[in-house]
Visitor: 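Starting off with a structure, shown below.
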Amino acid sequence: MHSQFKYWKPYVSPYDPCKPIRVKSYSTPPQLYMNFQPPGLPQFQSPKQALMHGTLWPQLYSPYPDPHKRGEKS
Amino acid sequence: MFYYEKKLQYPVRVSQCNPMLAKFLVEQYGGADGELAAALRYMNQRYTIPDKVIGLLNDIAMEEFSHLEMIATMIYKLTKDATPEMMKAAGLGDHYVAHDSALFYNNASGVPWTASYIQAKGDPIADLYEDIAAEEKARATYQWIIDMSDDPDLNDGLKFLREREVIHSLRFREAVEILKDDQGKKKIF
């Protein structure tokens, strides 16, 4: 599985007026890595679960906001 | 073609964390009298202006692009570390939903830049008079932004940019004098 978010460290100037955000992130959702959906992907256990996720397939679920929020640490 | 020097025309310092100033500065980025409009106006008009003043329009267009970079740097510094909450508090909530903290060519009210801000009439006097008016309007816009800002370091850069508008206006006025064509001639009326 690929990671759902990528992190990068922007340049931080000693003269920046605001408190710097040292790590920024962007979403890399699963469709990025699945150019064509293969048949027979595993599905969620129940229709209710699928409904709540907005997709039948866990592998295509993209969380937002970033559940790890690594961008706000360090 | 362009040769790019990886530095700003004049140093940009921003000392206070005040993202609301970014909302005002964007008027000079993608506004009707902003640097983008100025640069594109002159770089386009230069083709059909008499040879004697092509170089002037060319050089001023290049300088306007340098100013555009300075304005972009100011806006970037003021917004790059702003959280969504800070953007909302600064009146930039509508900008955030469309652009995150990316810069975009729109004016302070969020109206996107349009080519109808500029003109190329083909008549050299009409074009140069428009250019003079554009410089004066840009100068006035800098004045009003300086009035809204209490950051001395930011204002230092804005005062430099305002002064350049003054000089450009004068150079365009001189271009009109050149095209009036009696300059330097002994002519008795």
Side-chain angles (χ1 to χ4, degrees), chain A residues 1-38 41-44 47-74, chain B residues 6-26 69-93 95-104 145-146 148-158 160:
Chain A
M1 265 303 256
H2 297 275
S3 57
Q4 292 266 8
F5 288 88
K6 302 286 183 286
Y7 304 90
W8 62 290
K9 290 179 176 169
Y11 171 72
V12 172
S13 161
Y15 302 110
D16 280 346
C18 304
K19 189 175 151 286
I21 298 172
R22 296 193 180 275
V23 179
K24 297 209 176 196
S25 67
Y26 55 94
S27 173
T28 50
Q31 81 277 15
L32 213 57
Y33 305 101
M34 197 184 290
N35 290 325
F36 195 87
Q37 184 175 347
L41 283 184
Q43 299 190 2
F44 279 109
K48 171 89 191 246
Q49 254 188 322
L51 179 66
M52 299 317 282
H53 282 88
T55 175
L56 283 175
W57 304 279
Q59 282 178 45
L60 274 170
Y61 175 65
S62 169
Y64 199 90
D66 185 358
H68 306 295
K69 276 282 172 194
R70 262 210 282 164
E72 293 201 342
K73 287 181 203 160
S74 87
Chain B
K6 210 161 181 170
K7 58 186 181 189
L8 294 174
Q9 189 194 7
Y10 184 88
V12 165
R13 285 284 175 87
V14 185
S15 49
Q16 292 167 14
C17 183
N18 184 0
M20 192 179 279
L21 285 177
K23 184 180 165 63
F24 303 141
L25 282 166
V26 83
E69 274 190 317
M70 289 176 59
I71 295 292
T73 304
M74 292 172 181
I75 297 169
Y76 172 70
K77 277 175 172 273
L78 285 165
T79 52
K80 78 184 185 79
D81 297 316
T83 61
E85 291 73 28
M86 290 164 76
M87 294 288 275
K88 190 161 49 170
L92 286 165
H95 180 93
Y96 183 84
V97 294
H99 306 291
D100 187 3
S101 53
L103 282 77
F104 191 66
I145 297 175
I146 290 167
M148 296 293 277
S149 159
D150 50 7
D151 182 331
D153 287 326
L154 184 74
N155 283 354
D156 182 59
L158 293 175
F160 169 84

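The structure presented is a predicted model; accordingly, all values stated were derived computationally and were not measured. Throughout, protein chains are lettered first and strands after them, A, B, ... in sequence-line order, and every chain is numbered starting at 1.
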Visitor: What closest approach, in Å, do S13(A) and K77(B) show between heavy atoms, and which atom pair accounts for it?
Guide: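 S13(A) and K77(B) have their closest heavy atoms at OG-NZ, 4.0 Å.
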Visitor: Can you name the nearest heavy-atom pair linking K24(A) to K80(B), along with the distance?
Guide: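 Closest approach of K24(A) to K80(B), heavy atoms only: NZ-O, 2.7 Å.
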Visitor: If I compare all heavy atoms of C17(B) with all of P17(A), which pair ends up nearest, and what's the gap?
Guide: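 Shortest heavy-atom contact: CB-O, 3.4 Å.
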Visitor: Count the heavy atoms of every other residue, nucleotide or ligand shown that sit under 6.0 Å from CE of M148(B), and state whether that count exceeds 12.
Guide: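 Counting neighbours around CE of M148(B), 12 or fewer heavy atoms of other residues, nucleotides or ligands fall under 6.0 Å, so no.
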Visitor: Identify the two heavy atoms, one from L78(B) and one from C18(A), that lie closest to each other, and give their separation to 0.1 Å.
Guide: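 Looking at all heavy atoms of both residues, the shortest contact is O-SG, 4.2 Å.
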Visitor: Please check if atom OH in Y64(A) has more than 12 non-hydrogen atoms from other residues, nucleotides or ligands closer than 6.0 Å.
Guide: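 At most 12 heavy atoms, drawn from other residues, nucleotides or ligands, come within 6.0 Å of this atom.
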Visitor: Which atoms form the tightest heavy-atom contact between D81(B) and I21(A), and what is the distance?
Guide: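 That closest heavy-atom pairing would be OD1-N, 2.9 Å.
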Visitor: Above 12 or not: heavy atoms from other molecules or residues under 6.0 Å from NZ of K19(A)?
Guide: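 Open.
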